[in-house]
Student: 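I'd like to ask you about the structure that follows.
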Amino acid sequence: MKHLIEKLEQSRRLTGEEYLALLQHRDPPTTACLRERAVAVRKEHFGNTVYVRGLIEVTNYCKNDCYYCGIRRGNRKAERYRLTKEQILECCALGYELGFRTFVLQGGEDPYFTDDILADILKEMRGGYPDCAITLSFGERSRASYQRFFDAGANRYLLRHETACAEHYRRLHPEPLTLEHRKQCLYALKEIGYQVGTGFMVGSPGQTLEHLAQDLCFIQEFQPQMVGLGPFIPHQDTCFAAEPSGTVELTTFLLSVLRLMIPNLLLPSTTALGTIDPFGREKGIEAGANVVMPNLSPVSVRKSYALYDNKICTGEEAAECKLGLERRMQAIGYEVVTQRGDFSPIP
Ligand code: SAM
């Protein structure tokens with residue numbers, strides 16, 4: 001498998017069959033070699049720095065019914081909340097004070113947040129924090145809405161493709177959601193000029209290594225600036241409650257593959273990874289990730305943004321959350337930096 005790792009590092013691309021072969025041969029020497037190359041490439045581009053993003057979970061109302069998600073419309077047990085504009089701006093003020101220079105606004109697809117309402121919030125944020133990056137993660141909207149948010153000051157957008165296989169997509173999402181539309185959204189975002197993040201859950205129900213090879217091919221073709229990749233974790237009030245979680249082993253292996261595929265990629269070590277393993281986020285960084293996303297949402301709503309069971313950091317204040325991550329990163333030889341850390345193309 002060493003030749004495939006070398007080929008990936010040098011040419012930054014493999015065929016679907018080659019990705020599949022790599023995924024099928026995850027023996028300890030292959031994993032060690034892949035990780036070593038990924039960490040070397042990561043160091044070359046980012047030194048020992050880890051970027052920090054302040055995550056604000058704006059609303060857990062959602063009109064979609066994704067089968068895996070704890071805040072899906074059909075979960076009657078979810079305690080719904082949405083933050084007011086004032087609360088969102090308070091989170092930003094606190095975050096700025098703590099040194100955050102990227103704010104990520106994430107939420108379910110909540111019809112309350114019309115284009116007017118969201119654009120108004122974005123304009124205030126842009127006016128108050130001209131030096132900060134604003135990332136949105138509000139799911140599928142029209143191209144006109146995406147354009148409006150961009151014009152109002154948003155710079156980045158996260159929209160995981162979730163799976164690059166249309167049949168598997170159908171197994172995870174009911175109609176009217178389709179892979180085709182999701183991809184259209186991703187291409188529209190890119191054309192508008194956003195730095196775009198896509199990604200998927202590792203170990204989602206029905207996922208095979210062939211699907212993962214397809215995911216890698218899609219990412220290779222799309223060339224996103226960010227990739228969100230975390231293990232699937234079941235939520236007790238969904239139809240996938242009895243399904244097993246994804247593993248640290250496969251998630252970190254994929255993080256290393258992605259680092260070699262797109263060396264300058266912004267690649268978070270996710271909260272989901274930290275939830276299935278007490279040192280999951282450290283393991284993600286040590287596999288090639290370079291971003292952490294502490295939670296800036298008010299503690300009073302944290303537990304309600306439960307996408308999956310046993311989510312970590314639901315009781316911590318933002319400062320505690322950030323400090324905890326800084327210490328964890330320092331302990332493994334990395335330094336959390338406050339600059340906004342935009343994607344920069346390789347010359
Ligand atoms: N509504 C927006 C969207 O769909 O992109 C943003 C919010 S959505 C809850 C954010 C991400 O959470 C999804 O892209 C999905 O991959 C992840 N997620 C949802 N349920 C999950 C679960 N049970 N385990 C792990 N990740 C999950």
Side-chain angles (χ1 to χ4, degrees), residues 53 55-75 78 80-82 104-113 118 135-141 145-146 149 154 156-164 168-169 171-174 176-179 181-183 185-186 189 194 196-207 211 215 224 226-248 250-251 254 268-277 280 284 293 295 297 302 304-312:
R53 317 304 194 198
L55 179 64
I56 306 172
E57 295 157 337
V58 172
T59 172
N60 72 351
Y61 283 89
C62 193
K63 67 178 165 65
N64 291 333
D65 219 9
C66 309
Y67 298 129
Y68 47 84
C69 185
I71 63 167
R72 57 188 293 229
R73 183 186 69 214
N75 181 9
R80 303 288 169 174
Y81 76 90
R82 66 172 65 92
V104 183
L105 302 187
Q106 190 182 81
E109 292 196 20
D110 178 355
Y112 168 84
F113 285 98
L118 207 44
T135 306
L136 294 180
S137 178
F138 280 103
E140 298 180 15
R141 312 277 288 224
S145 306
Y146 288 148
F149 303 150
R156 305 177 185 159
Y157 205 103
L158 303 175
L159 183 69
R160 292 182 176 182
H161 67 279
E162 310 294 1
T163 170
H168 187 222
Y169 198 90
R171 165 118 201 249
L172 299 177
H173 308 90
L177 297 173
T178 63
L179 174 62
H181 189 254
R182 191 146 276 235
K183 283 189 180 175
C185 289
L186 283 165
L189 288 161
Y194 283 95
V196 183
T198 192
F200 55 91
M201 292 175 291
V202 179
S204 62
Q207 185 182 68
H211 291 144
D215 288 321
M226 306 171 274
V227 171
L229 190 96
F232 159 78
I233 305 175
H235 184 288
Q236 57 189 340
D237 300 318
T238 63
C239 36
F240 292 145
E243 296 285 335
S245 293
T247 63
V248 176
L250 184 52
T251 306
L254 286 159
S269 190
T270 58
T271 305
L273 196 52
T275 296
I276 59 165
D277 182 311
M293 293 169 70
N295 204 317
S297 313
R302 291 271 186 90
S304 302
Y305 200 80
L307 310 180
Y308 46 79
D309 292 337
N310 307 316
K311 189 176 164 203
I312 52 169

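Counting convention: from 1, in listed order, for ligands and their atoms alike. The chain is numbered in sequence order, starting from 1.
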Student: In the protein, what heavy atom is nearest to atom 4 (O) of ligand 1, and what distance, to one decimal place, separates them?
Tutor: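 Residue, atom and distance for the closest contact: R182 NH2, 3.9 Å.
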Student: Would you check the N or O atoms of Y68, main chain and side chain alike, for any that come under 3.5 Å of an N or O of ligand 1?
Tutor: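 For ligand 1, there is an N or O atom that lies under 3.5 Å from one belonging to Y68.
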Student: P231 and L273: which non-hydrogen atoms are nearest, and at how many Å?
Tutor: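 Shortest heavy-atom contact: CD-N, 3.7 Å.
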Student: Non-hydrogen atoms of S137 versus ligand 1: any pair closer than 4.0 Å?
Tutor: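 Judged by the 4.0 Å heavy-atom criterion, S137 does count as contacting ligand 1.
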Student: List the closest protein heavy-atom neighbour of atom 10 (C) of ligand 1: residue, atom name, distance to the nearest 0.1 Å.
Tutor: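 Ranked first by proximity to atom 10 (C) of ligand 1 is Q106 NE2, 3.8 Å.
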Student: Which residue and atom name correspond to the protein heavy atom nearest atom 12 (O) of ligand 1, and how close is it?
Tutor: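 Of every protein heavy atom, L307 CD1, 3.4 Å lies nearest to atom 12 (O) of ligand 1.
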Student: Looking only at non-hydrogen atoms, find the nearest pair between Y305 and G108 and report the distance.
Tutor: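 Answer, listing the atom of Y305 first, then G108: OH-N, 4.4 Å.
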Student: Can you tell whether the side chains of E57 and R302 come within less than 4.0 Å, N to carboxylate O?
Tutor: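 Looking at E57 and R302, the cut-off is not met.
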Student: Using a 3.5 Å cut-off on N or O atoms only, is G107 in polar contact with ligand 1?
Tutor: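 Checking ligand 1 against G107, an N or O pair does fall under 3.5 Å apart.
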Student: Quick check on ring pair (Phe, Tyr, Trp, His ring centres under 6.0 Å): which of H168, H173, H235 does Y68 satisfy it with?
Tutor: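 So the option named by the test is H173.
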Student: For L105, which of F138, F113, F149 qualifies under side-chain contact (heavy atoms from CB on, under 4.5 Å)?
Tutor: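 Only match with L105 under side-chain contact (heavy atoms from CB on, under 4.5 Å): F138.
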Student: Quick check: closest heavy atoms across L158 and S137, and the distance to 0.1 Å?
Tutor: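 For L158 and S137, the tightest heavy-atom pair comes out as O-OG, 3.3 Å.
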Student: Might you point out which heavy atoms bring P244 and P234 nearest each other, and give the distance in Å?
Tutor: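 Closest pair (atom of P244, atom of P234, distance): C-CD, 4.4 Å.
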Student: Of all the atoms in ligand 1, which lie at a distance below 4.0 Å from a heavy atom belonging to Y305?
Tutor: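 Those qualifying, in numeric order: 7 (C), 9 (C).
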Student: Give the atom numbers and elements of ligand 1 that come within less than 4.0 Å of a heavy atom of R160.
Tutor: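 Listed by number with element: 14 (O), 15 (C), 16 (O), 17 (C).
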Student: What protein heavy atom is closest to atom 25 (C) of ligand 1, reported as residue, atom name and distance in Å?
Tutor: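 Scanning the protein heavy atoms, the shortest distance from atom 25 (C) of ligand 1 goes to P231 O, 3.4 Å.
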Student: For atom 20 (N) of ligand 1, is the nearest protein heavy atom closer than 4.0 Å?
Tutor: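 There is a protein heavy atom less than 4.0 Å from atom 20 (N) of ligand 1.
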Student: So, R156 side chain and V104 main chain: donor-acceptor pair closer than 3.5 Å or not?
Tutor: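 Answer holds: no.
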Student: Does the ring centre of Y61 sit less than 6.0 Å away from the ring centre of Y112?
Tutor: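 For Y112 and Y61, the ring centres are not under 6.0 Å apart.
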Student: Measure the distance from atom 23 (N) of ligand 1 to every protein heavy atom, then report the residue, atom name and distance (to 0.1 Å) of the closest one.
Tutor: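 Checked against all protein heavy atoms, atom 23 (N) of ligand 1 sits closest to I233 O, 2.7 Å.
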Student: Check whether any heavy atom of M201 sits under 4.0 Å from an atom of ligand 1.
Tutor: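 For ligand 1, residue contact (heavy atoms, under 4.0 Å) with M201 is present.
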Student: At what distance is the nearest protein heavy atom to atom 15 (C) of ligand 1, and which residue and atom is it?
Tutor: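 It is E162 OE2, 3.5 Å.
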